[in-house]
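In what follows, a structure is listed as structure tokens, so that the remarks can point back to it.
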2 protein chains.
Amino acid sequence: MTEEPSAAQRPTLEAVAARAGVSRATVSRVVNGGPGVREELADKVRHAVDELGYVPNHAARSLVTRRHDAIAVVIAESETRVFADPFFALQLRGISRELTAHDVQLVLLLTEGRDDHERVGRYLSGGHVDGALVFSLHLDDPLPGIIRRAGLPTVFGGRPGWQDADAGERSAPYVDCDNRGGAREAVRHLVGLGRRRIAHITGALDQTSAVDRLDGFRDALADAGPHLIEEGDFTFAGGERAMRRLLDAEPELDAVFAANDLSASGALRVLRERGRSVPDDVAVVGFDDMLLVAEQTEPPLTTVRQDIEEMGRLMARMLLRDRSGEGLAAGPSSVVLPTALVRRASA
Amino acid sequence: MTEEPSAAQRPTLEAVAARAGVSRATVSRVVNGGPGVREELADKVRHAVDELGYVPNHAARSLVTRRHDAIAVVIAESETRVFADPFFALQLRGISRELTAHDVQLVLLLTEGRDDHERVGRYLSGGHVDGALVFSLHLDDPLPGIIRRAGLPTVFGGRPGWQDADAGERSAPYVDCDNRGGAREAVRHLVGLGRRRIAHITGALDQTSAVDRLDGFRDALADAGPHLIEEGDFTFAGGERAMRRLLDAEPELDAVFAANDLSASGALRVLRERGRSVPDDVAVVGFDDMLLVAEQTEPPLTTVRQDIEEMGRLMARMLLRDRSGEGLAAGPSSVVLPTALVRRASA
DNA sequence: CTGAAAGCGCTAACAT
DNA sequence: ATGTTAGCGCTTTCAG
């Protein structure tokens with residue numbers, strides 16, 4: 001009644017050693033692929049391991065090695081966006097793939113606003129994981145500071161917003177796509193189509209991706225009047241709102257570049273409501289190439305593609321490289337991936 | 001050069017004890033809220049903890065308590081669906097919320113097909129986590145067996161497909177929504193609208209949710225001819241394909257119930273292509289109430305809502321209840337949540 | 001109510 | 001090449 005019925009006592013290194021007639025150290029060597037064990041003995045050990053169904057105790061191992069073979073993925077995004085947008089899911093998959101290949105576990109930390117930062121900080125400083133992958137920072141986010149103090153190897157997803165000076169000598173490594181270049185290309189495409197009044201629906205401007213895309217827009221259209229730029233927030237509803245304001249301010253507009261596909265999709269909806277045909281009256285370009293959204297809008301969306309899964313994979317790879325002790329000098333400290341314009345029907 | 005520059009030696013229980021002038025045992029009691037420590041001493045200890053910035057070493061603790069304060073979330077879904085569908089993201093959020101409240105960590109295990117099952121099984125049996133939440137099982141999935149053998153407390157997301165007999169006396173606890181009842185209600189709604197030729201696009205029939213929804217369809221429409229039922233796979237493309245076949249087989253159909261919103265959305269696209277107006281010519285009902293999809297289709301989708309996030313939260317709660325030793329007799333072993341029809345424009 | 005001491009299972013020097 | 005040994009940091013009887 002008090003005894004745990006199943007989940008019997010798991011065999012220890014000691015038990016394997018006894019069974020194989022060797023010392024614990026030898027078993028440890030075999031299990032961890034250590035060097036210099038006679039093949040004959042190693043075989044015996046492996047047999048004993050199989051027979052007993054031995055699995056190393058991770059806690060005991062961590063206690064001495066101070067490694068955890070686990071990294072944290074922190075998604076610092078609130079309600080609205082995280083899960084309306086398959087973006088994070090794709091990154092997660094990329095990350096998961098890479099980690100799996102290295103037998104490293106993924107601890108997922110979802111934050112729900114500022115209160116959570118403390119909790120996350122505590123966890124990250126708590127020495128439970130070997131590193132962290134941090135996404136979707138906002139400009140005033142306290143997380144980077146917390147992390148730096150914790151001294152935990154970290155790679156950021158998207159260029160962090162703080163000044164490089166703050167970060168000391170080496171700034172934190174990050175992976176991002178070429179937001180500015182992609183935006184520029186999108187707008188140039190619109191210009192090439194002969195559009196003259198091109199508007200922009202921005203993303204949430206407390207994130208560098210939104211700022212960079214806005215910069216790209218301006219690169220291509222230095223003289224765009226302020227009434228052609230309307231702030232959005234990367235959501236569908238934000239896209240709708242922005243599109244309404246744009247149409248009110250500039251009924252003659254003939255193109256719009258939205259900071260992501262979700263807001264482009266909101267814009268499309270408003271354009272339809274207002275009787276503008278796309279792309280005839282108004283051409284629309286998005287950003288992300290989120291298939292679930294871009295392929296299913298009416299009409300399908302011309303957009304700027306970024307390889308989101310690859311970004312995730314890359315982040316994980318950079319973190320693991322760091323972890324394996326290569327440290328400072330190895331490889332570039334940040335990576336910016338190229339984007340590509342994907343033409344569909346909307347522009 | 002060889003010294004780790006940051007990440008200095010973290011203080012141990014011992015250090016705190018020395019600082020507070022008490023024994024390790026006392027510090028341990030205070031830190032863990034143990035009973036019977038004089039308030040005066042406890043205060044001293046707490047001060048020392050703060051001054052030193054002491055954080056307990058999790059590995060050391062696990063080693064002796066055999067608890068990990070971590071659970072695994074296993075998503076056993078392949079490429080196609082996991083990340084096309086915000087479904088899992090929502091569940092994850094529900095789970096994360098509940099776990100956070102209990103200071104339990106979430107280890108995410110994404111599988112990529114059968115090869116991965118072994119890896120996941122090994123991890124789950126490896127004694128790294130206190131329990132598991134498992135999603136999206138397919139009928140012939142080896143995972144349940146592996147898990148049962150590992151003797152790990154587990155709650156399934158969605159009714160598992162195996163026969164109860166296999167599972168021994170108590171079958172595995174799960175959380176699901178009332179797929180059958182929801183489907184029935186959807187179809188009755190269509191009938192109430194006066195529709196006479198109602199078709200069904202199923203989900204992937206190796207998952208119980210798809211089978212249950214099909215059963216619900218049949219409950220309401222016992223005499224539906226087989227040419228009115230077309231197999232889909234819960235994807236947009238699957239919905240398109242199925243809709244085409246249905247229209248070919250039964251051009252006169254005036255309604256379709258799709259097993260989820262994504263496939264309903266594919267159906268909508270085909271209906272538009274073929275010049276049928278929705279809902280005038282053909283009424284369409286989906287399942288899930290995935291806002292990203294259902295609110296943005298043209299026209300917006302009438303669908304069956306399930307509270308996905310709540311399902312996640314509930315699963316976590318059930319698992320934690322189990323973990324806290326209440327064991328067998330406490331509470332119902334499975335939960336089926338109600339669904340609700342959400343009327344929009346498509347039916 | 002508090003302290004002393006015995007491990008939890010494993011790795012990594014250090015011997016041999 | 002293999003074995004011996006000393007902890008890693010913590011919880012938990014058991015004495016006092």
Side-chain angles (χ1 to χ4, degrees), chain A residues 2 4 7-46 48-49 52-70 103 125-128 130 325, chain B residues 2 4 7-46 48-49 52-70 103 125-128 130 325:
Chain A
T2 57
E4 204 48 32
Q9 208 60 22
R10 287 172 38 199
T12 69
L13 240 207
E14 180 100 43
V16 177
R19 179 79 162 222
V22 300
S23 73
R24 274 157 39 203
T26 299
V27 177
S28 177
R29 286 182 191 112
V30 173
V31 169
N32 297 298
V37 176
R38 226 184 333 143
E39 196 49 34
E40 188 189 323
L41 267 199
D43 257 1
K44 258 198 215 153
V45 170
R46 281 189 282 265
V49 166
L52 266 38
Y54 168 74
V55 184
N57 179 317
H58 195 82
R61 179 181 284 170
S62 286
L63 185 54
V64 33
T65 60
R66 280 131 195 294
R67 287 206 3 191
H68 305 271
D69 297 311
D103 253 290
S125 327
H128 305 283
D130 302 325
Chain B
T2 58
E4 204 50 29
Q9 207 59 21
R10 287 172 39 199
T12 70
L13 239 207
E14 180 99 44
V16 177
R19 178 77 161 222
V22 299
S23 74
R24 275 155 41 201
T26 299
V27 178
S28 176
R29 287 182 190 111
V30 173
V31 168
N32 298 300
V37 176
R38 225 181 335 141
E39 196 49 33
E40 188 188 325
L41 268 199
D43 258 0
K44 258 197 217 156
V45 170
R46 279 189 283 265
V49 166
L52 267 38
Y54 169 74
V55 184
N57 179 316
H58 195 81
R61 179 181 283 171
S62 285
L63 184 55
V64 33
T65 60
R66 280 129 194 294
R67 285 200 10 184
H68 305 272
D69 297 313
D103 255 291
S125 327
H128 306 282
D130 302 324

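On a predicted model such as this, the values are computed, not experimentally measured, just so you know.
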Whole-Å distance separating the [atom1] atom of [X] from the [atom2] atom of [N]:
X: His128(A); N: dG9(D); atom1: NE2; atom2: C1'; value: 14 Å
X: Leu13(B); N: dA5(C); atom1: CG; atom2: P; value: 17 Å
X: Glu14(A); N: dT4(D); atom1: CD; atom2: P; value: 11 Å
X: Arg67(B); N: dT11(D); atom1: CZ; atom2: P; value: 12 Å
X: Asn57(B); N: dC8(C); atom1: CG; atom2: P; value: 18 Å

From the list [options], which nucleotide is the closest neighbour of the side chain of [X]?
X: Arg24(B); options: dT11(D), dT11(C), dC8(D); result: dT11(D)
X: Leu63(A); options: dC14(D), dT2(D), dG9(C); result: dG9(C)
X: Arg38(A); options: dT13(D), dT11(D), dT2(D); result: dT2(D)
X: Thr12(A); options: dC10(C), dT11(D), dT2(D); result: dC10(C)
X: Arg61(A); options: dT11(C), dT2(D), dT11(D); result: dT11(C)

Check whether any side-chain heavy atom of Leu52(A) sits under 4.5 Å from a side-chain heavy atom of Arg19(A), and report yes or no. yes

Partner of His58(A) by ring-ring contact (aromatic ring centres under 6.0 Å, His included), out of His68(B), His58(B), His128(B): His128(B)

[X] to [Y] - nearest heavy-atom pair and separation:
X: Asp69(A); Y: Asp103(A); result: CB-O, 3.9 Å
X: Val31(A); Y: Tyr54(A); result: CG2-CE2, 4.1 Å
X: Asn32(B); Y: Arg61(B); result: OD1-NH2, 3.1 Å

dT11(D) phosphate, OP1 or OP2: any side-chain N/O from Asn32(B) under 4.0 angstrom? yes

Is the phosphate of dT11(D), meaning OP1 or OP2, less than 4.0 Å from a side-chain N or O of Thr65(B)? no

Pick the closest DNA chain C nucleotide for Arg66(B) and for Ala25(B) by heavy atoms, then say which residue is nearer the 5' end. Ala25(B)

Name the residue closer to the 5' end of DNA chain C, choosing between Val64(A) and Val22(B) according to the nucleotide with the nearest heavy atom. Val22(B)

Judged by each residue's nearest nucleotide on DNA chain D, which is more toward the 5′ side, Val55(B) or Arg29(B)? Val55(B)

With sugar-phosphate meaning primed atoms plus P, OP1 and OP2, does Thr26(A) contact a base, only sugar-phosphate, or nothing at under 4.0 Å between heavy atoms? sugar-phosphate

